[in-house]
Amino acid sequence: MTKSFLLLFFALNTTIIFGQDLTATQLLNKAIAYHDPLGNWEDFRGQLFITMKTPNSSDRLSEITIDLPQQYFKLVTKKDDTTTEQILSKQDCKLLLNGSNTISEEETKKHSLTCERARNMKNYYTYLYGLPMKLKDPGTILDPKVYQKTFKGKIYDVLKVTYKEPVGKDTWYFYFDPATSALEVYQFYQNEEDNDGEYIILTGQEKVNGIKMPKIRAWYYNNNDTYLGTDTLTKTAVLIE
């Protein structure tokens with residue numbers, strides 16, 4: 001072979017290798033490798049301290065303890081003069097209002113203090129802060145195609161996800177930076193044709209137990225870009241045995 005032929009052969013094959021389209025599974029694996037390179041999510045034990053700001057409302061402070069190996073979850077929420085605690089330890093559930101477990105029916109409704117609500121909050125926080133690793137969970141239906149979408153002027157690699165019953169009913173889209181595979185935006189619809197639902201922009205990162213988690217999550221309506229609120233991860237801690 002001549003030198004020029006070898007160079008042409010290498011160039012053509014390099015184009016083929018690097019021009020291959022990623023499958024959805026490959027993109028998800030790359031994203032997980034970026035966010036959780038040591039595979040620590042499955043045994044996550046830590047605390048997240050979150051400040052939520054919403055228009056025309058006082059701040060809500062949340063202290064979240066997640067211990068996946070021990071099946072333990074605790075959410076302490078402080079807003080104005082009210083503190084609620086929701087604790088799940090395996091099958092046990094404990095609810096407190098301003099330090100008391102004596103809670104009237106009226107207070108239960110006002111503060112949504114039920115064990116069902118506590119389980120929903122556990123699922124909510126472990127899902128959002130466990131992304132993209134949670135996209136490997138049973139019941140998740142990963143569209144095999146990787147979509148290219150432009151969002152706020154940037155082109156992203158996008159995964160489309162739906163869920164089996166009773167896991168979920170919404171349709172989700174996850175936007176990954178093409179260069180790093182970092183998750184930067186996610187979006188969900190109850191009915192995509194109606195353009196309902198919300199999108200969430202992620203900025204900044206905090207490393208917790210070796211996992212890169214979003215520092216700031218800003219929420220907006222899909223249909224009119226109305227700003228809904230911002231969750232800021234102000235502090236994190238690792239649980240010590």
Side-chain angles (χ1 to χ4, degrees), residues 44-68 70-131 134 137 139-140 163-172 186-191 194 196-202 213-224 226-237 239:
F44 182 80
R45 303 179 70 249
Q47 288 183 300
L48 311 176
F49 298 81
I50 299 169
T51 298
M52 181 179 183
K53 293 182 178 292
T54 53
N56 305 314
S57 181
S58 57
D59 291 355
R60 186 182 75 188
L61 307 179
S62 297
E63 177 185 323
I64 301 150
T65 303
I66 300 173
D67 187 337
L68 295 182
Q70 295 300 318
Q71 301 176 51
Y72 180 87
F73 172 81
K74 181 178 180 180
L75 171 61
V76 180
T77 302
K78 299 177 182 179
K79 185 175 173 64
D80 299 324
D81 296 327
T82 302
T83 300
T84 62
E85 296 179 58
Q86 303 171 59
I87 304 167
L88 298 172
S89 181
K90 297 182 180 176
Q91 302 304 316
D92 294 332
C93 172
K94 184 178 181 181
L95 306 171
L96 300 173
L97 176 61
N98 294 326
S100 173
N101 61 4
T102 303
I103 306 171
S104 69
E105 184 176 345
E106 180 181 354
E107 290 171 328
T108 295
K109 291 180 179 178
K110 179 180 178 181
H111 300 289
S112 299
L113 276 175
T114 66
C115 290
E116 180 181 3
R117 173 70 171 174
R119 286 188 284 270
N120 287 339
M121 296 309 294
K122 175 186 177 182
N123 292 337
Y124 171 82
Y125 282 113
T126 54
Y127 181 79
L128 292 185
Y129 285 96
L131 289 170
K134 293 290 288 181
D137 281 4
T140 305
Y163 293 91
K164 296 179 180 178
E165 293 283 0
V167 177
K169 298 179 180 179
D170 297 341
T171 299
W172 287 73
Y186 42 80
Q187 183 175 37
F188 68 89
Y189 301 90
Q190 286 88 36
N191 187 332
D194 293 340
D196 61 6
E198 302 165 12
Y199 64 87
I200 300 89
I201 297 176
L202 314 175
M213 294 184 177
K215 183 173 181 64
I216 299 173
R217 296 185 297 135
W219 299 73
Y220 303 82
Y221 280 132
N222 285 324
N223 58 5
N224 57 15
T226 296
Y227 169 70
L228 298 173
T230 300
D231 291 335
T232 301
L233 188 57
T234 58
K235 189 174 76 169
T236 65
L239 295 181

Q | Spacing of K94 atom NZ and L88 atom CG [to the nearest 0.5 Å] | A | 12.5 Å

Q. Once you round to the nearest 0.5 Å, how far does CG of L113 lie from CD1 of I103?
A. 5.0 Å

**Q.** Donor-acceptor under 3.5 Å (R217 side chain, D231 main chain)
**A.** no

Q. Roughly how far apart are Y163 OH and K169 NZ, rounded to 0.5 Å?
A. 15.5 Å

Q.
As an exercise, state the distance from CZ of R60 to CG of D80, rounded to the nearest 0.5 Å.
A. 12.0 Å

(Q) Check this for me: E165, atom CD, are more than 12 non-hydrogen atoms of other residues, nucleotides or ligands nearer than 6.0 Å? (A) yes

Q. Do you know which two heavy atoms are closest between P214 and L233, and how far apart they sit?
A. O-CD2, 3.8 Å

Q.
Using 0.5 Å steps for rounding, measure from the CD atom of Q86 to the SG atom of C93.
A. 8.0 Å

Q. Considering all heavy atoms of both residues, which atom of S112 and which atom of R117 are nearest to each other, and what is their separation?
A. O-CG, 3.0 Å

**Q.** Main-chain N/O of N223 paired with D196 side-chain donor or acceptor, under 3.5 Å
**A.** no

Q. Hey, does the side chain of S89 reach the backbone of D92 with a donor-acceptor pair shorter than 3.5 angstrom?
A. no

Q. Within 45° of the axis and under 6.0 Å from the centre of the six-membered ring of F49, does NZ or CZ of K235 qualify?
A. yes

Q) Should L48 and Y125 count as side-chain neighbours, where that means a heavy-atom distance under 4.5 Å? A) no

Q: Count the heavy atoms of every other residue, nucleotide or ligand shown that sit under 6.0 Å from OH of Y221, and state whether that count exceeds 12.
A: no

Q: Could you give me the CA-CA distance, side-chain angles and deciding distance for D59 and T51, then say whether side-chain hydrogen bond (donor to acceptor under 3.5 Å, both in side chains) is met?
A: CA-CA 7 Å; D59 291 355; T51 298; 5.9 Å; no

Q | Inter-residue atom distance T236.OG1 - K215.NZ, 0.5 Å rounding | A | 8.5 Å

Q. Which heavy atom in V76 sits nearest to a heavy atom in K74, and how many Å separate them?
A. CG2-CE, 3.5 Å

Q: Without swapping roles, check the side chain of N98 against the backbone of T83 for a donor-acceptor pair under 3.5 Å.
A: yes

Q) Considering all heavy atoms of both residues, which atom of V167 and which atom of G139 are nearest to each other, and what is their separation? A) CG2-CA, 4.0 Å

Q: Please report the shortest heavy-atom distance between D170 and F188, naming the atom on each side.
A: OD2-CD1, 3.8 Å

Q | Candidates T65, D67, L68, I64 - the one meeting side chain to side chain contact (heavy atoms under 4.5 Å, CB included) with F73 | A | I64

Q) Going by heavy atoms in the side chains, are Y129 and I66 under 4.5 Å from each other? A) no

(Q) I'd like to check Y189 versus D194 (side-chain heavy atoms, cut-off strictly below 4.5 Å). Are they in contact? (A) no

Q: Please report the closest heavy-atom contact between T232 and T230, naming both atoms and the distance.
A: OG1-CG2, 3.9 Å

**Q.** Parallel, tilted or perpendicular: rings of Y220 and Y199 (30°, 60°)
**A.** parallel

Q) What orientation do W219 and Y124 show, parallel under 30°, tilted 30 to 60°, or perpendicular over 60°? A) parallel

Q: Mark yes or no for whether S100, through its side chain, and T102, through its backbone, hold a donor-acceptor pair below 3.5 Å.
A: yes

Q: Start with the C-alpha distance between K79 and S57, add both sets of side-chain angles, then the distance that settles side-chain contact (heavy atoms from CB on, under 4.5 Å), and finish with yes or no.
A: CA-CA 10 Å; K79 185 175 173 64; S57 181; 2.8 Å; yes

Q: Report yes if some heavy atom in the side chain of F44 is under 4.5 Å from a heavy atom in the side chain of T126; otherwise report no.
A: no

Q. If we only count heavy atoms from C-beta on, is the Y72 to I87 side-chain gap below 4.5 Å?
A. yes

